[in-house]
Amino acid sequence: MPNKLINSTALRQNILNNTLAVNEIQKAIGIKGILFEGEYKFIKREVANFFDVTERTIENYLEKYETELAKNGYDVLRGKRLVDLKLVISKSFGNEIDFVTKTTVLGVFNFRAFLNIAMLLSDSEKAKQLRSLMLDIVIDTINKRTGGSTKYINQRDEDFIGNLLRGEDYRKEFTDALRDYVDMGNYKYMLYTDMVYKSIFKENSSEYRKILKLEDKENLRHTMYSEVLDIISSYEAGFAENLKKEYQSLERKLTVFETDKLFSEFEKQRLWEPLREKARNKMASRDLCFRDALHKNLEEYISSVPQADFDRFLGDKSMELEQRFEEYKETLKRLKERE
(Lines give C-alpha, C1' and ligand atoms only; values in the text may rest on other atoms or scores of the structure.)
Protein backbone atom coordinates (compact mmCIF):
# COMPACT_ATOMS: atom_id res chain seq x y z
CA MET A 1 0.00 0.00 0.00
CA PRO A 2 2.74 2.61 0.79
CA ASN A 3 4.05 2.30 -2.78
CA LYS A 4 0.56 2.94 -4.19
CA LEU A 5 0.97 6.53 -3.06
CA ILE A 6 3.72 7.00 -5.63
CA ASN A 7 1.33 6.12 -8.46
CA SER A 8 -1.90 7.75 -7.28
CA THR A 9 -2.45 11.50 -7.20
CA ALA A 10 -5.85 10.99 -5.55
CA LEU A 11 -4.46 8.88 -2.70
CA ARG A 12 -1.70 11.39 -2.04
CA GLN A 13 -4.13 14.28 -2.00
CA ASN A 14 -6.52 12.43 0.31
CA ILE A 15 -3.80 12.25 2.94
CA LEU A 16 -2.72 15.85 2.49
CA ASN A 17 -6.32 17.11 2.68
CA ASN A 18 -6.87 15.29 5.98
CA THR A 19 -5.83 18.08 8.35
CA LEU A 20 -6.34 15.95 11.46
CA ALA A 21 -4.02 13.26 10.15
CA VAL A 22 -1.41 15.75 8.91
CA ASN A 23 -1.25 17.31 12.39
CA GLU A 24 -0.77 13.88 13.96
CA ILE A 25 1.93 12.99 11.41
CA GLN A 26 3.77 16.21 12.22
CA LYS A 27 3.67 15.38 15.94
CA ALA A 28 4.94 11.85 15.26
CA ILE A 29 7.85 12.95 13.07
CA GLY A 30 8.82 15.89 15.26
CA ILE A 31 10.52 17.77 12.41
CA LYS A 32 10.07 21.55 12.58
CA GLY A 33 12.24 23.42 10.10
CA ILE A 34 12.27 27.24 10.02
CA LEU A 35 9.23 29.02 11.48
CA PHE A 36 8.17 31.58 8.88
CA GLU A 37 4.79 33.19 8.18
CA GLY A 38 3.13 31.08 10.84
CA GLU A 39 4.30 27.64 9.65
CA TYR A 40 7.47 25.60 9.44
CA LYS A 41 9.41 25.82 6.17
CA PHE A 42 12.10 23.52 4.78
CA ILE A 43 14.69 24.39 2.18
CA LYS A 44 15.72 21.97 -0.54
CA ARG A 45 18.95 21.02 1.23
CA GLU A 46 17.10 20.04 4.41
CA VAL A 47 14.59 17.93 2.47
CA ALA A 48 17.36 16.16 0.53
CA ASN A 49 19.35 15.45 3.72
CA PHE A 50 16.29 14.10 5.52
CA PHE A 51 15.52 11.59 2.77
CA ASP A 52 19.17 10.75 2.03
CA VAL A 53 18.95 11.86 -1.60
CA THR A 54 20.78 14.52 -3.59
CA GLU A 55 19.49 18.04 -4.08
CA ARG A 56 19.41 17.29 -7.80
CA THR A 57 16.96 14.45 -7.09
CA ILE A 58 14.65 16.90 -5.30
CA GLU A 59 14.99 19.32 -8.23
CA ASN A 60 13.96 16.57 -10.67
CA TYR A 61 10.79 15.88 -8.67
CA LEU A 62 10.05 19.60 -8.46
CA GLU A 63 10.24 19.83 -12.25
CA LYS A 64 8.06 16.75 -12.78
CA TYR A 65 5.42 17.47 -10.12
CA GLU A 66 5.60 21.27 -10.02
CA THR A 67 1.83 21.83 -10.10
CA GLU A 68 0.99 19.25 -7.44
CA LEU A 69 3.73 20.39 -5.06
CA ALA A 70 2.80 24.05 -5.49
CA LYS A 71 -0.82 23.19 -4.73
CA ASN A 72 0.27 21.57 -1.48
CA GLY A 73 2.51 24.34 -0.20
CA TYR A 74 5.77 24.46 -2.14
CA ASP A 75 6.53 28.14 -2.65
CA VAL A 76 9.17 30.19 -4.43
CA LEU A 77 10.20 33.27 -2.46
CA ARG A 78 11.41 36.50 -4.00
CA GLY A 79 11.74 40.13 -3.00
CA LYS A 80 10.60 41.19 0.46
CA ARG A 81 9.38 37.71 1.48
CA LEU A 82 12.82 36.29 0.72
CA VAL A 83 14.50 39.13 2.63
CA ASP A 84 12.25 38.41 5.62
CA LEU A 85 13.12 34.71 5.49
CA LYS A 86 16.84 35.52 5.31
CA LEU A 87 16.51 37.60 8.46
CA VAL A 88 14.80 34.70 10.26
CA ILE A 89 17.51 32.29 9.11
CA SER A 90 20.31 34.72 10.09
CA LYS A 91 18.90 35.06 13.59
CA SER A 92 18.64 31.29 13.95
CA PHE A 93 21.78 30.08 12.18
CA GLY A 94 24.02 33.09 11.67
CA ASN A 95 26.16 32.65 8.55
CA GLU A 96 26.22 28.88 8.76
CA ILE A 97 23.94 28.65 5.73
CA ASP A 98 25.81 30.32 2.89
CA PHE A 99 22.83 31.04 0.65
CA VAL A 100 21.53 33.65 3.14
CA THR A 101 23.31 36.52 1.44
CA LYS A 102 23.71 35.11 -2.06
CA THR A 103 20.43 33.81 -3.44
CA THR A 104 17.73 36.02 -4.97
CA VAL A 105 15.16 33.26 -5.46
CA LEU A 106 14.48 30.43 -3.02
CA GLY A 107 12.07 27.51 -3.09
CA VAL A 108 10.69 26.36 0.27
CA PHE A 109 8.51 23.45 1.35
CA ASN A 110 5.90 23.72 4.08
CA PHE A 111 5.05 20.54 6.00
CA ARG A 112 2.33 19.43 3.54
CA ALA A 113 4.73 19.84 0.63
CA PHE A 114 7.35 17.96 2.63
CA LEU A 115 4.92 15.05 3.03
CA ASN A 116 4.01 15.37 -0.64
CA ILE A 117 7.61 14.85 -1.75
CA ALA A 118 7.87 11.88 0.66
CA MET A 119 4.97 10.26 -1.20
CA LEU A 120 6.73 10.74 -4.53
CA LEU A 121 10.32 9.67 -3.81
CA SER A 122 10.69 6.12 -5.07
CA ASP A 123 14.39 5.55 -4.27
CA SER A 124 14.50 6.71 -0.66
CA GLU A 125 14.19 4.17 2.15
CA LYS A 126 13.33 6.97 4.58
CA ALA A 127 10.55 8.13 2.29
CA LYS A 128 9.21 4.58 2.12
CA GLN A 129 9.22 4.31 5.92
CA LEU A 130 7.51 7.68 6.23
CA ARG A 131 4.80 6.64 3.75
CA SER A 132 4.06 3.58 5.88
CA LEU A 133 3.88 5.70 9.04
CA MET A 134 1.59 8.20 7.32
CA LEU A 135 -0.85 5.49 6.27
CA ASP A 136 -0.91 4.02 9.78
CA ILE A 137 -1.69 7.43 11.27
CA VAL A 138 -4.38 8.21 8.69
CA ILE A 139 -6.13 4.90 9.39
CA ASP A 140 -5.80 5.39 13.14
CA THR A 141 -7.18 8.95 12.93
CA ILE A 142 -10.25 7.85 10.98
CA ASN A 143 -10.85 4.88 13.28
CA LYS A 144 -10.68 7.07 16.38
CA ARG A 145 -13.22 9.47 14.93
CA THR A 146 -15.60 6.76 13.75
CA GLY A 147 -15.26 4.29 16.61
CA GLY A 148 -13.44 1.77 14.44
CA SER A 149 -16.10 1.47 11.72
CA THR A 150 -16.54 3.66 8.65
CA LYS A 151 -19.61 1.86 7.28
CA TYR A 152 -21.88 4.65 8.50
CA ILE A 153 -19.45 7.55 8.23
CA ASN A 154 -21.97 9.22 5.91
CA GLN A 155 -24.27 9.70 8.90
CA ARG A 156 -21.78 12.07 10.56
CA ASP A 157 -22.71 14.68 7.95
CA GLU A 158 -24.97 17.39 9.42
CA ASP A 159 -27.17 17.26 6.27
CA PHE A 160 -27.80 13.52 6.48
CA ILE A 161 -30.81 13.35 8.81
CA GLY A 162 -32.80 16.01 6.98
CA ASN A 163 -32.13 14.47 3.57
CA LEU A 164 -32.94 10.97 4.81
CA LEU A 165 -36.26 11.97 6.35
CA ARG A 166 -37.33 14.07 3.37
CA GLY A 167 -36.33 11.21 1.12
CA GLU A 168 -38.84 8.92 2.87
CA ASP A 169 -41.70 11.13 1.67
CA TYR A 170 -40.45 11.05 -1.92
CA ARG A 171 -39.93 7.31 -1.64
CA LYS A 172 -43.58 6.89 -0.65
CA GLU A 173 -44.68 8.95 -3.67
CA PHE A 174 -42.63 6.60 -5.84
CA THR A 175 -43.96 3.35 -4.38
CA ASP A 176 -47.54 4.68 -4.38
CA ALA A 177 -47.19 5.57 -8.06
CA LEU A 178 -45.89 2.09 -8.88
CA ARG A 179 -48.78 0.58 -6.93
CA ASP A 180 -51.45 2.71 -8.57
CA TYR A 181 -50.19 3.16 -12.13
CA VAL A 182 -48.14 0.06 -13.12
CA ASP A 183 -49.83 -3.26 -13.95
CA MET A 184 -47.35 -5.65 -12.35
CA GLY A 185 -46.83 -7.69 -9.15
CA ASN A 186 -44.82 -6.65 -6.09
CA TYR A 187 -41.55 -7.35 -7.88
CA LYS A 188 -41.99 -3.95 -9.54
CA TYR A 189 -40.83 -2.15 -6.37
CA MET A 190 -37.44 -3.87 -6.37
CA LEU A 191 -37.16 -3.74 -10.16
CA TYR A 192 -37.66 0.00 -10.57
CA THR A 193 -35.72 0.88 -7.43
CA ASP A 194 -32.76 -0.97 -8.92
CA MET A 195 -33.30 0.83 -12.21
CA VAL A 196 -33.01 4.14 -10.35
CA TYR A 197 -29.79 2.98 -8.64
CA LYS A 198 -28.27 1.66 -11.88
CA SER A 199 -29.06 4.91 -13.65
CA ILE A 200 -27.51 7.06 -10.93
CA PHE A 201 -24.46 5.08 -9.77
CA LYS A 202 -24.28 2.07 -12.11
CA GLU A 203 -24.98 -0.56 -9.42
CA ASN A 204 -28.12 -2.35 -8.32
CA SER A 205 -28.88 -2.86 -4.64
CA SER A 206 -27.20 -6.28 -4.38
CA GLU A 207 -24.02 -5.03 -6.06
CA TYR A 208 -23.91 -2.02 -3.73
CA ARG A 209 -24.43 -4.25 -0.67
CA LYS A 210 -21.59 -6.51 -1.74
CA ILE A 211 -19.13 -3.64 -2.17
CA LEU A 212 -19.96 -2.16 1.24
CA LYS A 213 -20.30 -5.61 2.84
CA LEU A 214 -23.80 -4.92 4.15
CA GLU A 215 -25.92 -7.53 5.86
CA ASP A 216 -29.44 -8.23 4.54
CA LYS A 217 -31.00 -6.51 7.54
CA GLU A 218 -29.03 -3.29 7.05
CA ASN A 219 -30.85 -0.45 5.31
CA LEU A 220 -28.93 0.39 2.17
CA ARG A 221 -29.92 4.06 2.13
CA HIS A 222 -28.64 4.54 5.66
CA THR A 223 -25.11 4.21 4.23
CA MET A 224 -25.55 6.74 1.40
CA TYR A 225 -24.17 10.25 1.33
CA SER A 226 -26.65 13.11 1.43
CA GLU A 227 -25.91 14.15 -2.18
CA VAL A 228 -26.74 10.63 -3.38
CA LEU A 229 -29.96 10.61 -1.34
CA ASP A 230 -30.88 13.93 -2.95
CA ILE A 231 -30.65 12.68 -6.52
CA ILE A 232 -32.46 9.43 -5.64
CA SER A 233 -35.29 11.50 -4.20
CA SER A 234 -35.36 13.64 -7.34
CA TYR A 235 -35.52 10.55 -9.54
CA GLU A 236 -38.29 8.95 -7.50
CA ALA A 237 -40.42 12.07 -7.20
CA GLY A 238 -39.95 12.96 -10.88
CA PHE A 239 -40.67 9.48 -12.21
CA ALA A 240 -43.72 9.17 -9.94
CA GLU A 241 -45.11 12.32 -11.54
CA ASN A 242 -44.41 10.96 -15.05
CA LEU A 243 -46.19 7.71 -14.19
CA LYS A 244 -49.22 9.64 -12.97
CA LYS A 245 -49.41 11.77 -16.13
CA GLU A 246 -49.05 8.74 -18.41
CA TYR A 247 -51.73 6.86 -16.46
CA GLN A 248 -54.11 9.82 -16.80
CA SER A 249 -53.35 10.06 -20.51
CA LEU A 250 -53.94 6.34 -21.16
CA GLU A 251 -56.77 6.08 -18.62
CA ARG A 252 -55.37 2.71 -17.53
CA LYS A 253 -52.36 1.22 -15.79
CA LEU A 254 -49.10 0.99 -17.72
CA THR A 255 -47.67 -2.30 -18.89
CA VAL A 256 -44.10 -3.29 -17.99
CA PHE A 257 -42.98 -2.45 -21.52
CA GLU A 258 -44.56 1.01 -21.33
CA THR A 259 -43.08 1.67 -17.89
CA ASP A 260 -39.60 0.64 -19.04
CA LYS A 261 -39.88 2.92 -22.07
CA LEU A 262 -41.07 5.80 -19.92
CA PHE A 263 -38.15 5.34 -17.51
CA SER A 264 -35.65 5.16 -20.38
CA GLU A 265 -36.89 8.50 -21.68
CA PHE A 266 -36.92 9.96 -18.18
CA GLU A 267 -33.29 9.07 -17.33
CA LYS A 268 -32.01 10.42 -20.66
CA GLN A 269 -33.08 13.96 -19.85
CA ARG A 270 -30.12 16.32 -20.07
CA LEU A 271 -30.76 17.78 -16.61
CA TRP A 272 -29.60 14.56 -14.91
CA GLU A 273 -26.07 14.55 -16.33
CA PRO A 274 -24.38 17.03 -13.94
CA LEU A 275 -26.29 15.64 -10.95
CA ARG A 276 -25.33 12.04 -11.76
CA GLU A 277 -21.71 13.03 -12.30
CA LYS A 278 -21.61 14.75 -8.90
CA ALA A 279 -23.23 11.80 -7.11
CA ARG A 280 -20.88 9.30 -8.78
CA ASN A 281 -17.84 11.38 -7.88
CA LYS A 282 -18.90 11.74 -4.25
CA MET A 283 -19.70 8.04 -3.84
CA ALA A 284 -16.63 6.70 -5.63
CA SER A 285 -14.11 9.10 -4.08
CA ARG A 286 -15.40 9.12 -0.52
CA ASP A 287 -15.93 5.36 -0.34
CA LEU A 288 -12.40 4.69 -1.55
CA CYS A 289 -10.94 7.21 0.88
CA PHE A 290 -13.01 6.59 4.01
CA ARG A 291 -14.27 3.03 3.57
CA ASP A 292 -11.52 1.52 1.41
CA ALA A 293 -14.37 0.38 -0.86
CA LEU A 294 -13.86 0.45 -4.62
CA HIS A 295 -16.83 0.91 -6.95
CA LYS A 296 -15.31 -0.55 -10.12
CA ASN A 297 -18.07 0.81 -12.34
CA LEU A 298 -17.29 4.31 -11.08
CA GLU A 299 -13.48 4.23 -11.24
CA GLU A 300 -13.38 7.00 -13.83
CA TYR A 301 -15.12 9.33 -11.34
CA ILE A 302 -12.59 8.87 -8.53
CA SER A 303 -10.77 12.02 -7.46
CA SER A 304 -9.16 13.26 -4.27
CA VAL A 305 -11.48 14.10 -1.38
CA PRO A 306 -11.38 17.84 -0.57
CA GLN A 307 -10.32 19.08 2.84
CA ALA A 308 -13.89 20.25 3.50
CA ASP A 309 -15.07 16.61 3.40
CA PHE A 310 -12.59 15.56 6.07
CA ASP A 311 -13.95 18.36 8.26
CA ARG A 312 -17.48 17.32 7.33
CA PHE A 313 -17.13 13.66 8.31
CA LEU A 314 -14.29 13.71 10.85
CA GLY A 315 -14.16 17.28 12.16
CA ASP A 316 -15.76 18.90 15.19
CA LYS A 317 -19.10 19.45 13.43
CA SER A 318 -19.49 15.77 12.56
CA MET A 319 -21.30 13.47 14.98
CA GLU A 320 -22.92 10.06 15.28
CA LEU A 321 -26.48 9.39 14.14
CA GLU A 322 -27.84 9.20 17.69
CA GLN A 323 -26.50 12.69 18.41
CA ARG A 324 -27.95 13.94 15.13
CA PHE A 325 -31.38 12.58 16.03
CA GLU A 326 -31.26 14.23 19.45
CA GLU A 327 -30.22 17.52 17.88
CA TYR A 328 -32.97 17.18 15.25
CA LYS A 329 -35.61 16.43 17.89
CA GLU A 330 -34.55 19.44 19.95
CA THR A 331 -34.84 21.66 16.87
CA LEU A 332 -38.35 20.38 16.16
CA LYS A 333 -39.28 20.86 19.81
CA ARG A 334 -38.14 24.50 19.76
CA LEU A 335 -40.07 25.13 16.54
CA LYS A 336 -43.22 23.63 18.06
CA GLU A 337 -42.89 25.84 21.16
CA ARG A 338 -42.82 28.94 18.94
CA GLU A 339 -46.13 28.09 17.26
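Please read these numbers as outputs of a predicted model, since none were measured by experiment.
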4.5 Å side-chain heavy-atom contact, [X] and [Y]:
X	Y	value
Asp75	Asn110	no
Ser199	Phe266	no
Leu178	Leu243	yes
Glu207	His295	no
Asn154	Lys282	no
Phe114	Phe51	yes
Thr54	Thr57	yes
Phe239	Glu267	no

Quick one about [Y] and [X] (side-chain donor to acceptor, distance below 3.5 Å, no hydrogens or angles considered), yes or no?
X	Y	value
Thr223	Tyr208	yes
Asn18	Thr141	no
Thr255	Glu258	yes
Arg45	Asn49	no
Gln13	Asn72	yes

Mind listing the closest non-hydrogen atom pair of [X] and [Y] along with its distance?
X	Y	answer
Val138	Ala21	CG2-CB, 3.8 Å
Ala113	Gly73	CB-C, 3.8 Å
Asn204	Lys198	N-CD, 3.4 Å
Cys289	Ile142	O-CD1, 4.4 Å
Val22	Ile15	CG2-O, 3.5 Å
Arg12	Asn7	NH1-N, 4.0 Å

Checklist entry - Going through the checks in order, is the salt bridge (charged side-chain N to carboxylate O under 4.0 Å, His left out) test met by Arg179 and Asp176? => result CA-CA 5 Å; Arg179 178 196 65 200; Asp176 285 353; 3.4 Å; yes

Item to check | Residue pair Arg112, Asn116: steps toward the side-chain hydrogen bond (donor to acceptor under 3.5 Å, both in side chains) verdict | outcome: CA-CA 6 Å; Arg112 288 177 81 236; Asn116 198 162; over 6 Å; no

Next on the checklist: Test salt bridge (charged side-chain N to carboxylate O under 4.0 Å, His left out) on Lys202 and Glu300; report intermediate values, then the result.
Outcome noted: CA-CA 12 Å; Lys202 299 186 177 185; Glu300 64 183 294; 3.7 Å; yes

Measure from the side-chain N and O atoms of [X] to the backbone N and O of [Y], and report whether any donor-acceptor pair falls under 3.5 Å.
X	Y	value
Asp194	Ser205	yes
Ser249	Lys245	no
Ser285	Ser303	yes
Arg171	Ser233	no
Asn14	Val305	yes

Checklist entry - Parallel under 30°, tilted from 30 to 60°, perpendicular over 60°: which one fits the rings of Tyr225 and Phe313? => result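 Judged by the thresholds at 30° and 60°, the geometry between Tyr225 and Phe313 is perpendicular.
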
Checklist entry - Relative to each other, are the rings of Phe42 and Phe111 parallel, tilted or perpendicular (30° and 60° limits)? => result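 Phe42 vs Phe111 ring planes: tilted.
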
Which distance, rounded to the nearest 0.5 Å, do you find between the [atom1] of [X] and the [atom2] of [Y]?
X	Y	atom1	atom2	result
Leu11	Met119	CG	CE	9.5 Å
Ile153	Arg291	CD1	CZ	7.5 Å
Leu314	Leu20	CG	CG	6.5 Å
Leu87	Leu82	CG	CG	9.5 Å
Leu62	Lys44	CG	NZ	7.5 Å
Asn23	Ile137	CG	CD1	11.0 Å

Answer yes or no: are there more than 12 heavy-atom neighbours, outside [X] itself, under 6.0 Å from its atom [atom1]?
X	atom1	result
Lys244	NZ	no
Lys172	NZ	no
Glu277	CD	no
Glu37	CD	yes

Checklist entry - What do the steps show when you test Leu164 against His222 for side chain to side chain contact (heavy atoms under 4.5 Å, CB included), and what is the final call? => result CA-CA 8 Å; Leu164 179 69; His222 288 180; 3.9 Å; yes

Checklist entry - Should Ile31 and Val47 be regarded as members of a common hydrophobic cluster, given that ILVMFWY residues are connected when their side-chain heavy atoms come within less than 4.5 Å of each other, either directly or indirectly? => result yes

Checklist entry - Quick one: are the ring centres of Phe174 and Tyr170 less than 6.0 Å apart? => result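 Centroid separation for Phe174 and Tyr170: 6.0 Å or greater.
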
Next on the checklist: If you apply the rule side chain to side chain contact (heavy atoms under 4.5 Å, CB included), what do you find for Tyr247 with Leu254, and how did you get there?
Outcome noted: CA-CA 7 Å; Tyr247 168 82; Leu254 283 70; 4.2 Å; yes

Checklist entry - Is there a salt bridge (charged side-chain N to carboxylate O under 4.0 Å, His left out) between Arg276 and Glu273 once you walk through the steps? => result CA-CA 5 Å; Arg276 277 194 297 253; Glu273 288 188 22; 5.2 Å; no

Checklist entry - Does the side chain to side chain contact (heavy atoms under 4.5 Å, CB included) test come out yes or no for Ile200 and Met283, once each step is laid out? => result CA-CA 11 Å; Ile200 295 172; Met283 178 183 286; over 6 Å; no

Next on the checklist: I need the full list of side-chain hydrogen bond (donor to acceptor under 3.5 Å, both in side chains) pairs touching residues 180-192, with sequence neighbours left out, sorted by first then second residue.
Outcome noted: Tyr192-Asp260

Checklist entry - Should Arg286 and Thr150 be marked as a side-chain hydrogen bond (donor to acceptor under 3.5 Å, both in side chains) after you check the CA-CA gap, both sets of side-chain angles, and the distance that decides it? => result CA-CA 11 Å; Arg286 288 172 177 169; Thr150 58; over 6 Å; no

Checklist entry - Step by step, would you call Glu24 with Lys144 a side chain to side chain contact (heavy atoms under 4.5 Å, CB included)? => result CA-CA 12 Å; Glu24 291 302 316; Lys144 283 180 179 177; 5.7 Å; no

Item to check | Worked check of salt bridge (charged side-chain N to carboxylate O under 4.0 Å, His left out) between Glu236 and Arg166 | outcome: CA-CA 12 Å; Glu236 292 183 336; Arg166 284 191 298 271; over 6 Å; no

Checklist entry - Would you call Lys151 and Glu215 a salt bridge, using N to O less than 4.0 angstrom? => result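 Between Glu215 and Lys151 there is no salt bridge, as every charged N stays at least 4.0 Å from the carboxylate O atoms.
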
Next on the checklist: So, applying ring pair (Phe, Tyr, Trp, His ring centres under 6.0 Å) with Phe109, which one of Tyr61, Tyr40, Tyr74, Phe50 is it?
Outcome noted: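 Answer after filtering Tyr61, Tyr40, Tyr74, Phe50: Tyr74.
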
